[in-house]
Structures are given as structure tokens and as C-alpha cells.
Protein chains: 2
Amino acid sequence: MIKIVNIRDIAKKAQVSVATVSHVINKTRHVSDELIDRVVKAMMELDYQPNLLAGSLRRKKSSTIGLIIPDSSNMLFSGVEKNIEDILFSQNYNVIVCNSAYDIGRELEHLNTLRSKMVDGVIIVPATMDGKHLEKFRNIGIPIIILDRMIPDINEDTVLVDNYKGGYDAAKYLLSLGHTDVGYIDRISDHSHSLERKKGFAKAFEEQGLFFDTNNIVRGGFTFNAGIEAVKKLLEENSRITAIFTFNDINAFGAIRGLADLGLKVPEDISVIGYDGTPLSEIYIPRLTTVRYPIIEMADVVSKLLLKRIAEPVFKKAIKKIIPPELIIRESTRSK
Amino acid sequence: MIKIVNIRDIAKKAQVSVATVSHVINKTRHVSDELIDRVVKAMMELDYQPNLLAGSLRRKKSSTIGLIIPDSSNMLFSGVEKNIEDILFSQNYNVIVCNSAYDIGRELEHLNTLRSKMVDGVIIVPATMDGKHLEKFRNIGIPIIILDRMIPDINEDTVLVDNYKGGYDAAKYLLSLGHTDVGYIDRISDHSHSLERKKGFAKAFEEQGLFFDTNNIVRGGFTFNAGIEAVKKLLEENSRITAIFTFNDINAFGAIRGLADLGLKVPEDISVIGYDGTPLSEIYIPRLTTVRYPIIEMADVVSKLLLKRIAEPVFKKAIKKIIPPELIIRESTRSK
DNA sequence: ATGAAAGCGCTAACAG
DNA sequence: CTGTTAGCGCTTTCAT
């Protein structure tokens, strides 16, 4: 094993005390120019790199935070991750990325490890709706911010996306185009995201004195194939449909494909709106009208909130932030 | 600040020595059942979580590794990242993810921080072709594996994708379909990836006694728009082209769009082959024939190699692994 | 303006 | 089978 150069070696070489070395490294008290020079020189010569682990242990602050997401290969999450890393890096933090794989057991394991590694805070997109362990985690003294999930019966810092608005905006836009018979592809099981969207969607109809017929809702997975299936079912049941709102972009692509199979063109025959605004949505033919998930804003808000919590750890009441998504109008929709 | 429960507290509560506590935690020497019980009970009651930072400092092993990639929101990298995290997690490692943003300065900063945080190893997709600092890093005693980049004049462990084969397979397939006039969209500046691919591509022509006309190469960016532009230039210069090989999938989508603008259909009028095999390639219409980048295999090989290096740190000579990509035939190609 | 020394929480060599 | 104790490399109080 290679000898690790430490602060003591520097002190000896520079003929000063270890305290002085530490202080010049951290600029934490005044040191005469002469000593600074000697120390810096010694550090250079020995290729010294401070041991942050030792420092963290002493200081009880690791300058690393944990990010737990269900799946870092999902574009939504990887986008958030990248931006979080960017912001935090600029504040001298590193991020340990953990995949829960939508499994609460793994989530818990990761939480424990992160605690053990003394992270200064964590950002989490929880795997499930269960949040007892998150509360417990914060009680331990480590700030934790929940991202993009409404965990019921819990009072923790949360950064949410306004999915109600997402649904509302989509419906309102479709209505403005004259579409009143619209199909709705929902996820298989309810979930705050889908519930909110649906509420907003129906609200827009209401405001026009119309009624959104829930018979026009079909449930499917998040996948391309689910979109294909869904569209067929939808049109079988109601042939008057002139527009379709989907749960995500991939789903929308599937819908478009399914429609093509039926001999229907988008947007000429039927309009389609996606959700998420992943990069592909602007590449697809037709370019997809979609509700953009505010990835960058989420990363920004959640990072800053966490930083704030780390700086002022007193937790009196939970902070909630809600970020609006944005309707992006492109080529897959047109007036009736 | 909340009092952190430590091994001493457990020892006191369980009426044993700290050594015993440490040993039951780490199962590192035999302890009588009775004492184990007492210790475990004490740990539960005090909600004890070992401080891994302290352990790491002592053991000189942090059980965390660093992953430096240019951009974790790029699907290729996020895919690799996810799989690396998965494998390493199963071996009790965490991964600190760092984005270099293709900037060598940032890369260096990250390397230094990782060193300071005593990571047990790093996996890096270097930002540039410069690798002096990587060599230096390993000399310090921390294993480092270079992923998906051929760094010249350097003798370090490397996991590469066989881009030569990628180009070769694509060309061979196109030729088998009868396409001899094929356009080639290349990246703007040369780079081992593009060079290898081109070589392999030309080789397949040679093997058939043909000659790949480099006048059919057009350079563009990685983007959708670049694909559009490129295709137009390509067909202006050589109207006999019946197939196009692109640098990546997005590029291919652009090409398809550009072709559509020109009134040409894929694959009826012209065949298009992409590269990367990102999920969108199987969703696009037409479903894209592409050379799949072996994301999962890369993660697997690189993780295991790193683990091996950590286990046996003696570095005698660099290990090189080459992983073949895979041609996936779908709908965007057809015989002439 | 500088230094000595205690101690962060843990591991492991040594001693029994 | 168990305990005592010396550090890992650093920060920071206390003293000068």
C-alpha cells in the first residue's frame, strides 16, 4: 500500500504545525504570507490531496448528498439527475446516485447506507406511496426532500409538479380546437399523478359547460404497445373521438402508430397530445404536441431547497413547492 | 446537533467491549451467541447505524466508486450508469456520479475530489483524448478503467466497443441488400469511434471487390437537424444513393425527415441505418434498423473489471476488453 | 499569528 | 472467546 501523504507530512516539510496547514487549506484563520508559501510549496512537492473522509468525520459534514430515484436510465429521472449534479457540483457537493428500481426494500437499504455515509441530505423520488421511513430518516437529522410524489399522511418537504394544470391545459387547448369527444389514455392504476391530471382535464370541460365522459378513458401501461392497444379500444367504443390525450410521450407514439394501423392520420384525422416532453417528442413525425415535464426547474428548485435545509437545519414545518408543467404545441394536434 | 449513537454506546449498553461490537457488526471474528444477542439488541434499541466514514478512514476503503461521464442525461451514458450502479450495489458499493460536461477541467476537478473522498476506484468516459491525468491518477494507487474511448499513448485498463465491427456489419448488410451507392453521415471531426466505423465500413466493400466512395461521406453534428441537412447535401451530390448510414439514431431520424421533405420514403425509396439502438429506435416509424451499442454488456464488463482491480491492485499491464455491438434489423432498410 | 493536543467513530493488532 | 488501546487524517479549542 502506498503511503498516503497527510497533513502531518506537510507540516513537517513546511516546518509549521498541523493546525497551520489545516488553516491554510481551509482559509479558516489568518496565516502569515510566509507560512502560506511554505505550506503551499510543500503541498505541491508532495502532491498532497486532503483526505476528505477524515475531514468529514471530524466536521460531521460529508459534502455529499444522496439521490434516490427509481431508475436512472429513465429520461425523466436522468434529466433531473444531471441538472441536480450540475447545481450541487457548483456548491462543492457530490452526489451518490441510487436506483431503487421501484422497490421499497432497496430504497430502505439505500437510505441506511446513505445515513451511514453521513450524507448531508437526500433527494428522493420514492418508490411507493409509503413514507414512514422517510419521516424517520429526517428525524434522525438529515434533511430529505421528496420529489415528484405526493406521499399521503406525511409532512415533509416536497417538490411537486402541477399535474392538475397539466391535464387542465391539455384539455383546454383541445377544446379550443373544437375537440369535444376526446379519448384519454390513463395509467393502469390510479396514482396522484394520474388523478390530478384527470381532475384538471375534467375541470376544463366543466368550465365550458361541457362534461368529460369518463367512458372515454382507457387504461394502459406506459409503453408504446399499450398506446397501440389503447387507441383501438378507444375507437371501438366511441367512433366519434377526434382527439386523444395520453399518459406519456411513448404512449402517444404508440397511439399514433395504432391510429396509422387503423388508417387514421395524425393530426389530419385525429389529434394526439403526449405528456413529458422528452427530447423525442420534437423529433417524432409528426412532432408531438405535449405537456413538458419541467425537469430543469425541478432540479433547480429541489437542489436549492435542499441546500437551504442543510444550511438551516431547524425543521419547523414542511415546505412544499409546486412547479407548473408547460404545454408545448407542435404538429400532432389541429382544429377539428 | 443530535447525538450520534456510536459503537461505544452500544458496547456500554451491551456490557461488552467495542471490539466485540465491531466484530459482530462485521462478522470478523467469532463471538459467542450470548454476546451477539446482547449487542444486536442494543443496536436495535438505540437505532444504531455504523458510521461508514470512520470505518473507511480506518480501513482505507470507502466502498464507493466514482463514475465520470460527459453527460448523464445522454441515454447512452445513463443506460450504462444505471447498470453499473445495479451491479456495484449488489457488491455493496455506492457510486458517485460526476458529469464532466465534455470539459477536461471539470474532469480533473472531479478526479481530485474523488481521490480526496477515497473512492476505491473510478470508471471514466474521458472528456477528451488527453489522458496524462488518468495515468497519474492510477499511479496514485486508485484503479481506474477507461470506458468507450481509445486514449492514445496511454497504457491503462480500457473497455471498448468494437466500432470497426459496427461499421463493417452495417455495410455488409447494406451490400447484401444490393445497395452499392450508400451515403455516409459522419461526425464533424474525426475521433476513434468514427474512424473505426469508417474503416470497417470500407472493409466490407473491399471484401466484395467494391470500393466505398468517400465522396459519399458528409459530416454533420449528432443532432436531428444535422441529419436533415446532411441528407440534402448527400443527394445533391450523388443522386444514385439508395441507402444511408448515419452516426447515431437521432441523426437517422433527421435523415428520414430530410428524405421525407424531399419526397422520398424510407425504406421504399431509400434505406437508412442508425447507430446506438436507443429505445426510440424501435418506436420510430419506420422502426429503425440500427447498430445497437452494447450498453448492458459494457456496464457488466467494466464493473467486473473494476471490481477485479480493486480486489487485486497489482498493476502489471493494462487489460483491454472489446465488446461487439449488434446489428438490429428492422423496418428502415430493404433490398434495392 | 501560531502551536499542542484532544477526539470524530471505527478497526485491528496485541494481549490475555 | 474477549478486551485494551493505538491510531486512520483531520479540525478546532485552548493556550501562548
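Values in this document were obtained by computation on a predicted structure and should not be read as measured data. A note on names: the letters A, B, ... follow the listed sequences, proteins ahead of strands, and every chain is numbered from 1.
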With the criterion being N/O to N/O and under 3.5 Å, what pairs connect the protein with nucleotides 6-8 of chain D, and how long is each?
residue	atom	partner	partner atom	Å
dG7(D)	N2	R58(B)	NH1	3.0
dC8(D)	O3'	K60(B)	NZ	2.8

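Considering CG of L67(A) and CD1 of I145(A), their distance stands at 12.0 Å, rounded to 0.5 Å.
Both L53(B) and H23(B) lie near DNA chain C, and the one whose nearest nucleotide falls closer to the 5' end is L53(B).
With rounding to whole Å, I10(A) atom CD1 is found 12 Å from dG9(D) atom P.
In this structure, R115(A) forms no cation-pi arrangement with F137(A), as its terminal cationic atom is not both closer than 6.0 Å to the ring centre and no more than 45° off the ring axis.
N99(B) and S72(B) form a side-chain donor-acceptor contact under 3.5 Å, judged by distance and modelled atom types alone.
In this structure, R309(A) pairs ionically with D157(A), as a charged nitrogen and a carboxylate oxygen lie closer than 4.0 Å.
Residues passing the salt bridge (charged side-chain N to carboxylate O under 4.0 Å, His left out) test with R149(A), sequence neighbours excluded: none. For H193(B), the ring-ring contact (aromatic ring centres under 6.0 Å, His included) partners two or more places apart in sequence, or in a different chain, are H191(B). Evaluation of the side chain to side chain donor-acceptor pair (under 3.5 Å) rule for R29(B) yields H23(B) as partners, not counting sequence neighbours. For A14(B), the side-chain contact (heavy atoms from CB on, under 4.5 Å) criterion is met by V16(B), R38(B), V39(B), A42(B), not counting sequence neighbours. Residues passing the side-chain contact (heavy atoms from CB on, under 4.5 Å) test with K304(B), sequence neighbours excluded: D300(B). For Y48(B), there are no side chain to side chain donor-acceptor pair (under 3.5 Å) partners at least two apart in sequence or on another chain. Legend: residues meeting side chain to side chain donor-acceptor pair (under 3.5 Å) with T64(B), ordered by chain and number and at least two apart, are absent. Residues passing the salt bridge (charged side-chain N to carboxylate O under 4.0 Å, His left out) test with D148(B), sequence neighbours excluded: none.
Across all strands, S22(A) comes closer than 4.0 Å to base atoms (heavy-atom distances).
Within a heavy-atom distance below 4.0 Å of DNA chain C, the residues of residues 29-38 of chain A found are R29(A), H30(A), V31(A), S32(A), L35(A). Residues from residues 112-122 of chain B with heavy atoms under 4.0 angstrom of DNA chain D: there are none.
Atom CG of D33(A) has 12 or fewer neighbouring heavy atoms from other residues, nucleotides or ligands inside a 6.0 Å radius.
Scanning DNA chain C 5' to 3' for nucleotides with an atom closer than 4.0 angstrom to a non-hydrogen atom of chain A gives a first and last hit of dA1(C) to dG9(C).
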